[in-house]
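Numbering of residues begins at 1 and proceeds along the displayed sequence.
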Amino acid sequence: DESGLVLAKAMTTGSLQSPAFRIGDTGVSANGFEATADGEVETPIFRIEKTPQHDGLRLIDGNGFIGFDFGIEVEADPQPADAAAKVGPNYGGQLTALKRSLANPLHQFVGIVLIGDSITWGASATGMEADQPRSQSLLDRRNNGTSPSWANLLHQYLGRDYFESGVTASAWPGSPNGTAIFQYGRTEDVFPDGELFAFTGAWARQSVPAAVYGVTHNGTVPAAGVVPSIAFETTGYGFTLVFTARADGAAYEVVVDGVSAGEFSTNAATLGVAAGSGFTAAHTFASFKHAAKVEIRGLVGGTPAVLALEAIRVDRKLRLTNQGICGTNTHTWVGWLLADALQEGDGFAFVQLGTNDRGRNASGTTPAKWSDFYKNMDRIIGTLTEQEIEPVVLGSCAAVDGDAANMSRIRSVLHRFAYDKGIDFIDQFAATRMDAAGYMSPDKIHPNDAGHRRMFENIFNRIEGM
């Protein structure tokens, strides 16, 4: 509680308990940490948070964190800016940015690329495709989009919950089989008012039964003086303006990132149409925009006029590309895969590598130096950020083969890297370590169906904040 740990039982039972967590009979270890009914322990070793009902051990919520192989480390009251940048595994805010982009109806295009090995590919999931022959290239055979791998569960959840549409699946160009690209879409009509927009000038609503929402948001353009404008941020390739054409309809200018994209009109006579509702004007950007600042400005025409807006229509698209390539490691990705695996429109990347880096150095041949693995990750993430792609780092599942100990070290390096670089970290090792025998396939390296689902659920919980 607020004063610390409470002795719950006689020490002969080896149990210490607080409202949010319990140290079990085996002590503070992967098998000893247990979550109580009201508590939350996201991994066996770190991220213990208070719940809305209780104030438990507040290492994370109190601006600190627990490390891995190097013991326990707690920061002492850092400044708020530092705390915001490095709180628990959410070190950079990339997952928050992804959630906001998925939920923002003005974000026209959300592109996600998965960078990984056979575990991302979907190996050992029921109903998977054949993965041979292969050569660690983007032209290798791909899995299907229906086997219960964590990657397939991820694209299905995102498409269902945020786009409410069926999937369009396609192969990676040149790959002989399988699917790698999954797209979902829906059209959003966003009424041009509210917290997503900024306004200047005079604006007022008017009842127009035939308009998209039965009302227009009207900007009054004076004969001279301050003109009305509406500004918003979007991603993607453009938007469509839905407006009511009027006899006194105003002309307007579209400005994208400070550069004029042209002048247009809502005046019925200028358009050569009868006055009425539901008219549209498509505005397409010259290229994909990661975060375009759009402004629609009324233009003075010598007489008062009205810019009657009904909606900002956004043809939203989600594209998830699974670039899980069997047998690859960080050296493979740095050496020849990464540059060609990225597409225009990719805005987020989930990077899950390391299983095949055990026992390898930067050249991919000799026993690993953890500093080489760190440097390879730095080069991969650097390439992503240079292209304005928000990275998320994932530690892979808890392999229990003959090199299991190095999987723990890989996870520790990834956590330290994510913390150092300010990147959100999803720990799939900890998520599967508690029941590794139940989550792993007979080869002890790849997850079975239950393991794939556990990994997906871990990602789901991080995106949704659960």
Next on the checklist: A side-chain contact here means heavy atoms from C-beta on lying under 4.5 Å apart; do Tyr374 and Asp420 qualify?
Outcome noted: yes
Next on the checklist: Are more than 12 heavy atoms, taken from residues, nucleotides or ligands other than Lys99, located less than 6.0 Å from that residue's NZ atom?
Outcome noted: yes
Next on the checklist: I'd like to check Trp172 versus Arg142 (side-chain heavy atoms, cut-off strictly below 4.5 Å). Are they in contact?
Outcome noted: yes
Checklist entry - Which heavy atom in Asn458 sits nearest to a heavy atom in Ala431, and how many Å separate them? => result ND2-CB, 3.7 Å
Item to check | Approximate separation, where rounding is to 0.5 Å, of Gln428 CD and Met407 CE | outcome: 10.5 Å
Checklist entry - How many angstroms lie between atom CG of Leu353 and atom CH2 of Trp333, to the nearest 0.5 angstrom? => result 7.0 Å
Checklist entry - Can you name the closest pair of heavy atoms from Ala171 and Gly178 and give their distance? => result CB-O, 3.5 Å
Checklist entry - Any sub-3.5 Å donor-acceptor pair from Ser175's side-chain atoms to Asp140's backbone N or O? => result yes
Checklist entry - For the residue pair His155 and Phe182, does the interplanar ring angle fall in the parallel (under 30°), tilted (30 to 60°) or perpendicular (over 60°) class? => result parallel
Item to check | Heavy-atom closest pair, residues Thr432 and Tyr439 | outcome: O-CD1, 3.5 Å
Item to check | Whether Ser165 side chain and Tyr184 backbone form a donor-acceptor pair below 3.5 Å | outcome: no
Checklist entry - How about His415 and Phe417: are their ring centroids closer than 6.0 Å? => result no
Checklist entry - Pairs in or reaching into residues 152-172: which pass salt bridge (charged side-chain N to carboxylate O under 4.0 Å, His left out), with residues at least two apart or in two chains? => result Glu164-Arg186
Checklist entry - Hey, are the side chains of Trp150 and Leu114 touching, using non-hydrogen atoms and a 4.5 Å cut-off? => result yes
Checklist outcome for this item: For Asn144, the side chain to side chain contact (heavy atoms under 4.5 Å, CB included) test, sequence neighbours excluded, returns Glu129, Thr146, Ser147, Asn152
Next on the checklist: Is it the case that the side chain of Thr234 and the backbone of Leu106 share a donor-acceptor pair, with hydrogens and angles ignored and the cut-off at 3.5 Å?
Outcome noted: yes
Next on the checklist: Please enumerate all residues that pass side-chain hydrogen bond (donor to acceptor under 3.5 Å, both in side chains) together with Thr179, with sequence neighbours excluded.
Outcome noted: none
Checklist entry - Step by step, would you call Phe285 with Val294 a side chain to side chain contact (heavy atoms under 4.5 Å, CB included)? => result CA-CA 10 Å; Phe285 304 147; Val294 177; 3.9 Å; yes
Next on the checklist: Is there a side chain to side chain contact (heavy atoms under 4.5 Å, CB included) between Arg453 and Leu153? Walk through the geometry before answering.
Outcome noted: CA-CA 8 Å; Arg453 174 160 285 278; Leu153 294 172; 3.8 Å; yes
Next on the checklist: Distance check, rounded to the nearest 0.5 Å: Leu98 atom CG versus His107 atom NE2?
Outcome noted: 11.0 Å
Next on the checklist: Can you confirm whether the side chains of Thr240 and His283 place a donor and an acceptor under 3.5 Å from each other?
Outcome noted: no
Checklist entry - Quick one: does Gln108's side chain have a donor or acceptor within less than 3.5 Å of a partner on Tyr237's backbone? => result yes
Checklist entry - Do Pro391 and Gln94 have side chains that get closer than 4.5 Å, going by heavy atoms? => result yes
Next on the checklist: Between His452 (side chain only) and Ala123 (backbone N and O only), is there a donor and an acceptor less than 3.5 Å apart?
Outcome noted: yes
Checklist entry - Just by modelled atom types, is the Gly438 backbone N or O under 3.5 Å from a matching donor or acceptor in the Asn448 side chain? => result yes
Next on the checklist: Does Tyr213 form a side chain to side chain contact (heavy atoms under 4.5 Å, CB included) with Asp189? I'd like the steps, not just the answer.
Outcome noted: CA-CA 9 Å; Tyr213 289 107; Asp189 282 335; 3.7 Å; yes
Checklist entry - Are Phe425 and Tyr419 an aromatic pair by the rule of ring centers under 6.0 Å? => result no
Checklist entry - What pair of heavy atoms forms the shortest contact from Ser149 to Ala125, and how long is it? => result N-CB, 4.0 Å
Next on the checklist: For a 4.5 angstrom cut-off between non-hydrogen side-chain atoms, does Arg141 reach Pro133?
Outcome noted: yes
Checklist entry - Would you say the side chain of Phe163 lies within less than 4.5 Å of the side chain of Arg316, judging by non-hydrogen atoms? => result yes
Next on the checklist: Just verifying a value: how many Å separate Glu233 CD and Asn104 CG, rounded to the nearest 0.5 Å?
Outcome noted: 8.0 Å
Checklist entry - Looking at the rings of His217 and Phe199, which for Trp means the six-membered one, are their centres under 6.0 Å apart? => result yes
Item to check | Evaluation steps, side chain to side chain contact (heavy atoms under 4.5 Å, CB included), between Ile312 and Phe232 | outcome: CA-CA 10 Å; Ile312 306 297; Phe232 58 92; 4.1 Å; yes
Checklist entry - Does the distance from a Lys or Arg side-chain N to an Asp or Glu carboxylate O, for Asp257 and Lys293, drop under 4.0 Å? => result no
Next on the checklist: Let me confirm one number: the OG-CZ distance from Ser396 to Arg358, rounded to the nearest 0.5 Å.
Outcome noted: 9.0 Å
Checklist outcome for this item: In terms of heavy-atom contacts, Val212 and Glu310 come closest through N-OE1, 2.9 Å
Item to check | Salt-bridge contact Arg319-Asp346 (side-chain N to carboxylate O under 4.0 Å) | outcome: yes
Checklist entry - Side chain of Arg379, backbone of Asn376: donor and acceptor closer than 3.5 Å? => result no
Checklist entry - Below 4.5 Å, heavy atoms only, C-beta onward: do Phe373 and Thr330 meet side chain to side chain? => result yes
Next on the checklist: Return the OG1 to NZ distance between Thr187 and Lys317, rounded to the nearest 0.5 Å.
Outcome noted: 7.0 Å
Next on the checklist: Is it the case that the side chain of Asp424 and the backbone of Gly92 share a donor-acceptor pair, with hydrogens and angles ignored and the cut-off at 3.5 Å?
Outcome noted: yes
Checklist entry - Do Leu309 and Val242 come within less than 4.5 Å of each other through their side chains, counting heavy atoms only? => result no
Next on the checklist: If you compare all heavy atoms of Ser137 against all heavy atoms of Leu337, which two are closest, and at what distance to 0.1 Å?
Outcome noted: CA-CD2, 3.8 Å
Item to check | Under 3.5 Å side-chain donor-acceptor pair for Glu457 and Tyr157 | outcome: no
Checklist entry - Counting N and O atoms only, with roles assigned by atom type, does the side chain of Asn90 sit under 3.5 Å from a partner on the main chain of Gly93, one being a donor and the other an acceptor? => result no
Checklist entry - Under 3.5 Å, is there a donor-acceptor pair between the side chain of Thr321 and the main chain of Ile181? => result no
